[in-house]
Amino acid sequence: MAQVIYLNGEYVTKENATVSVYDHGFLYGDGIFEGIRIYDGNIFKCKEHLLRLYDSAKSIMLNIPLSMQEMQDTLIETIRRNELRDGYIRLVVSRGPGDLGLDPRRSPKANVIIIVEKLSIYPEEAYRNGLSTVSVSTRRNVPDALNPKIKSLNYLNNILVKIQANLAGVGEAIMLNSQGYVAEGSADNIFLVKNGVVFTPPAYIGALEGITRAAVMELCAKTGLTLKEEPFTLHDVYVADEVFFTGTAAEIIAVREVDGRVIGEGKAGPITTALLQEFRKIVTVDGVKVFE
Ligand code: PMP
């Protein structure tokens, strides 16, 4: 089964999936995207991802040339054509081709791209052993410059963090905001557990409102765990009983060490493990079915 990519109403091969070098997504990072998972033919939290995409579009005044329902139908059709029951969906809407100036009014036609692929994630033992991570000097974009709630194609802030993570030899790193509060990872939200209470930074600190983050918050409520959206510092992370990252690709992954400090028992703790178990129960049912 050859991979097909949706590109502006057509299904094309990988080789033919090309856009103009005048696309402002390419020239300026002007556009938005979503990363979505499909688990056993279920587009997990499909509606939530589409709502975030259309909110991001509204915020940057980008006109998506498909209704939300049409976008959902197109996602389903793309997955069907690829016969993929488990994988990752990258949905991109860029401003489209314009001239060399910044002005988005000169890019009247957005490019809509859907790529579905298999996903290589952390090995299963990483979920038990936890990741080693570090904090980095790069600060999160301030919300009054480029709001981290917008899932824009401008990921340089995150890429600078990833470069620091690479240099430190770790897969994910912790980014603070400009006041020194913990914001998030390069591409994941962050949680900690202290004395049985689960904490995550409020989105106003400067974080993406992750779909996995929201799912974990729901699971806390469902399983009777107290969840607090509260600013916290690196000190709180160092002395936490458990720390974990959440993201569409990473799911819920424990952290065993931060900046050389061992977290809790130095492996996935009981609450992280329980939340991951509960999460894996909902991924195949909470969403939109592709193959019925
Ligand atoms: N923060 C950032 C910066 C991200 O790019 C992502 C997406 N990988 C997340 C958090 C996690 O969000 P989600 O759970 O919606 O994937």
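Atoms considered below: every heavy atom in the structure, side chains included; atoms not considered: hydrogens, waters and symmetry mates. Note that ligands are numbered from 1 as they come in the structure, with each ligand's atoms numbered from 1 the same way.
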**Message:** Among residues at least two apart in sequence or on other chains, which ones pass salt bridge (Lys or Arg N to Asp or Glu O under 4.0 Å) with Glu229?
**Reply:** Arg213
**Request:** Please check if any side-chain donor atom of Arg140 sits under 3.5 Å from a side-chain acceptor atom of Asn157, or the reverse.
**Result:** yes
**Request:** Taking only heavy atoms of the protein into account, state which residues are under 4.0 angstrom from an atom of ligand 1, in chain and number order.
**Result:** Arg52, Arg140, Lys151, Tyr155, Asn158, Glu184, Ser186, Ala187, Asp188, Asn189, Leu208, Gly210, Ile211, Thr212, Thr246, Gly247, Thr248
**Prompt:** If only atom types and distance count, is the side chain of Arg52 paired as donor or acceptor with the main-chain N or O of Glu209 below 3.5 Å?
**Reply:** yes
**Asked** Between the side chains of Thr223 and Glu278, is a donor N or O closer than 3.5 angstrom to an acceptor N or O?
**Response** no
**Prompt:** Does the side chain of Ser20 come under 3.5 Å of the side chain of Asp23 through a donor N or O and an acceptor N or O?
**Reply:** no
**Request:** Consider only side-chain N and O atoms of Lys267 and Asn129, and report whether a donor and an acceptor are under 3.5 Å apart.
**Result:** no
